[in-house]
Peer 1: 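Here's a structure for you.
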2 protein chains.
Amino acid sequence: MAKRIADSTVRRLSAYLRFLEDFESRGLETISSEELAQRGGTTSAQVRKDLSFFGSFGKRGLGYSVPELAGRLREILGLGKEWKVIIIGAGKIGAALAQYRGFRQRGFLILAAYDANEEKIGRKLEGIPVRDITQLERDVRQDRPDIAVLTVPAEEAQRVLDRVVKTGIKAILNFAPTQLQAPADVTVKTVNMAMELEGLSYALTNRD
Amino acid sequence: MAKRIADSTVRRLSAYLRFLEDFESRGLETISSEELAQRGGTTSAQVRKDLSFFGSFGKRGLGYSVPELAGRLREILGLGKEWKVIIIGAGKIGAALAQYRGFRQRGFLILAAYDANEEKIGRKLEGIPVRDITQLERDVRQDRPDIAVLTVPAEEAQRVLDRVVKTGIKAILNFAPTQLQAPADVTVKTVNMAMELEGLSYALTNRD
DNA sequence: TTTAACTTGTGAATTCGTTCACAAGCCGGG
DNA sequence: CCCGGCTTGTGAACGAATTCACAAGTTAAA
Ligand SMILES: NC(=O)c1ccc[n+]([C@@H]2O[C@H](COP(=O)([O-])OP(=O)(O)OC[C@H]3O[C@@H](n4cnc5c(N)ncnc54)[C@H](O)[C@@H]3O)[C@@H](O)[C@H]2O)c1
Ligand SMILES: NC(=O)c1ccc[n+]([C@@H]2O[C@H](COP(=O)([O-])OP(=O)(O)OC[C@H]3O[C@@H](n4cnc5c(N)ncnc54)[C@H](O)[C@@H]3O)[C@@H](O)[C@H]2O)c1
């Protein structure tokens with residue numbers, strides 16, 4: 001990849017793909033940057049610029065072929081393959097995620113959940129086994145998961161992250177409300193719901 | 001407020017507050033922008049600039065008083081009061097959120113969850129009642145919640161949002177993976193986990 | 001009182017992301 | 001085959017956010 005692509009661009013590509021899949025299922029053949037923009041709450045120039053970082057996929061005067069562009073986006077986003085995911089922390093949020101069908105549908109296969117609590121180990125969550133965290137290293141060597149989802153208490157998060165990193169996993173989705181430290185070659189994304197709520201609090205407080 | 005403040009700034013303020021509370025609990029009296037920056041993975045100039053939009057809270061040569069700055073940030077973020085929250089959709093993720101203590105701890109009081117499914121109505125989730133969605137309008141008039149959390153299926157999300165907006169609620173946290181339309185005076189934040197995973201997929205695919 | 005070590009607050013410079021604006025290309029109709 | 005309508009792709013302009021860099025203020029020590 002020649003240029004560093006902004007995070008915001010990647011998020012929009014992901015959104016475009018969602019819309020394209022919707023259009024595809026309705027049997028539409030082509031779509032213009034303007035239509036895509038309207039659907040995504042952005043501008044047509046933004047759409048074209050986003051796509052232009054990766055090539056030129058459209059036809060002037062016509063627009064984009066829906067299936068072709070969807071294919072290109074899947075390729076760019078790395079969604080051609082099925083990604084293997086493990087969940088660490090089979091608590092309330094971990095269980096909800098394990099049972100969520102949306103991930104599977106988008107090509108993310110959840111292999112297992114891990115927990116330290118004896119009571120949870122051995123159970124199944126909608127078919128997904130809850131395993132003992134002490135098995136983590138062995139299992140990772142065998143199953144080679146690509147992504148780990150962290151849903152352990154905040155106090156444990158950094159310790160668990162370090163352990164996960166040591167197994168060689170390079171991508172982590174963290175739900176603990178903490179700032180985590182990881183080596184540069186490991187990508188960590190944090191979903192912090194308290195922060196989102198505080199953003200709403202700010203918005204409610206500071207309106208004109 | 002004189003200037004429009006960037007979303008990214010508000011998020012960082014929220015993070016700073018978290019660190020300050022940590023420092024506060026450890027009994028530290030003052031903190032420098034450099035320490036705050038290190039903790040938050042940013043730079044000291046960024047910290048000072050963020051704060052400077054709202055006033056000057058520090059002492060040159062010394063740093064910031066931990067309790068004072070924490071108080072100022074709470075004020076800026078509107079965390080002086082307790083915000084009332086309702087959850088719409090008592091499914092897997094809605095239930096996890098309803099049972100999450102972290103929100104209460106940070107001043108977000110969950111009043112109730114609402115659902116359309118008869119089987120769920122009338123139950124309690126860790127003390128939080130699940131009510132019939134048909135009661136929504138009446139209850140909102142009475143309880144005056146400030147924030148609605150949407151955890152309904154994606155197909156329902158826009159319809160439910162419109163209904164919530166009509167009750168006069170001005171802040172919404174949406175978990176459905178859809179782009180939602182709302183009037184300009186309503187703030188909608190969407191947490192899209194599939195998009196986060198696709199961001200990880202992109203990162204794994206396009207490394208140097 | 002002077003000095004050295006720190007740290008803030010903030011214009012200015014820079015970097016990054018978005019929007020503009022238009023040449024270039026495609027299509028269908030006459 | 002040419003014209004009018006439409007849409008892409010992209011430099012250039014713009015605007016927003018971050019980083020730099022330093023004067024100004026604080027403290028402690030001699
Ligand atoms: N529940 C929510 O809705 C919600 C929302 C936002 C954020 N979060 C965050 O997600 C995390 C989990 O929250 P939760 O509500 O699911 O809590 P929870 O207590 O229900 O679940 C945590 C699980 O992690 C397990 N665990 C603890 N230490 C572990 C370790 N070292 N290795 C493996 N497993 C370990 C526990 O046994 C437990 O099952 C927390 O950081 C929380 O702040 C939760
Ligand atoms: N479960 C997860 O981990 C997860 C993760 C990311 C996103 N999401 C999103 O969150 C939403 C909910 O997911 P879920 O897994 O909790 O699904 P779910 O089916 O368990 O829950 C949805 C709930 O909404 C209720 N509902 C449906 N229509 C309603 C209406 N009109 N009014 C009130 N209630 C209504 C249903 O009765 C159900 O209880 C979906 O949009 C999903 O894509 C879920």
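Per chain, numbering begins at 1; letters A, B, ... match sequence-line order. Treat the numbers as computed from the prediction; the structure is a model and nothing was measured.
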Peer 1: Can you measure B:F57 atom CZ to C:dT10 atom P for me and round it to whole angstrom units?
Peer 2: 11 Å
Peer 1: Just the rounded figure in Å: distance from P of D:dT19 to CZ of B:F53.
Peer 2: 12 Å
Peer 1: Sub-3.5 Å donor-acceptor pair from the side chain of B:S201 to the main-chain atoms of A:G78, do we have one?
Peer 2: yes
Peer 1: In terms of side-chain heavy atoms of A:S56, which of C:dC20, C:dT10, D:dG9 is nearest?
Peer 2: D:dG9
Peer 1: From C-beta outward on A:A45, which listed nucleotide comes closest to its side chain: C:dG9, C:dC20, D:dT18?
Peer 2: C:dC20
Peer 1: Between atom CD in B:E34 and atom P in D:dC20, what is the gap in whole Å?
Peer 2: 12 Å
Peer 1: So, does B:S33 get its side chain near the phosphate of C:dT8, meaning an N or O under 4.0 Å from OP1 or OP2?
Peer 2: yes
Peer 1: B:F54 has an atom CZ; how far is it from atom C1' of C:dG9, in whole Å?
Peer 2: 15 Å
Peer 1: Could you state the atom-to-atom distance from CD of B:E35 to P of C:dT7 in whole Å?
Peer 2: 8 Å
Peer 1: When rounded to the nearest 0.5 angstrom, what is the spacing between CG in A:L136 and CD1 in A:I86?
Peer 2: 5.0 Å
Peer 1: Between A:R12 and C:dT18, is there a side-chain N or O to OP1/OP2 distance below 4.0 Å?
Peer 2: yes
Peer 1: Distance check, rounded to the nearest 0.5 Å: B:Y16 atom OH versus B:Q46 atom CD?
Peer 2: 5.5 Å
Peer 1: Pick the closest DNA chain C nucleotide for A:T43 and for A:L62 by heavy atoms, then say which residue is nearer the 5' end.
Peer 2: A:T43
Peer 1: Give a yes or no on whether the backbone of B:P145 and the side-chain of B:D143 come within a donor-acceptor separation of less than 3.5 Å.
Peer 2: no
Peer 1: Which one, D:dG11, D:dT26, D:dT18, comes nearest to the side chain of B:K59?
Peer 2: D:dT26
Peer 1: Find which nucleotide of DNA chain C each of A:S8 and B:G61 is nearest to by heavy atoms, and output the residue with the more 5' nucleotide.
Peer 2: B:G61
Peer 1: Counting distance only, does the side-chain N/O of A:T151 pair as donor-acceptor with the main-chain N or O of A:I88 below 3.5 Å?
Peer 2: yes
Peer 1: Measure the spacing between CD1 of B:I93 and CD1 of A:I93 and express it to the nearest 0.5 Å.
Peer 2: 4.0 Å
Peer 1: Looking at every strand, decide which applies to B:T42 at a 4.0 Å heavy-atom threshold: base, sugar-phosphate, or nothing.
Peer 2: nothing
Peer 1: Does OP1 or OP2 of D:dA24 have a side-chain N or O of B:R60 closer than 4.0 Å?
Peer 2: no
Peer 1: Can you tell me the distance, in whole Å, between the CD atom of B:Q46 and the P atom of D:dC20?
Peer 2: 11 Å
Peer 1: Tell me which residues in residues 63-73 of chain A put a heavy atom below 4.0 Å from DNA chain D, sorted by number, or none.
Peer 2: A:G63, A:Y64
Peer 1: Rounded to the nearest angstrom, tell me the gap between atom CZ in A:R11 and atom P in C:dG17.
Peer 2: 14 Å
Peer 1: Would you say B:Q158's side chain and B:Q181's backbone share a donor-acceptor pair under 3.5 angstrom?
Peer 2: yes
Peer 1: Over how many whole Å does the gap from A:D7 atom CG to C:dT18 atom C1' extend?
Peer 2: 16 Å
Peer 1: Atom CD in B:E68, atom CG in B:L20: separation rounded to 0.5 Å?
Peer 2: 11.0 Å
Peer 1: Base, sugar-phosphate alone, or nothing: which one does B:S44 contact when heavy atoms must sit under 4.0 Å apart?
Peer 2: nothing
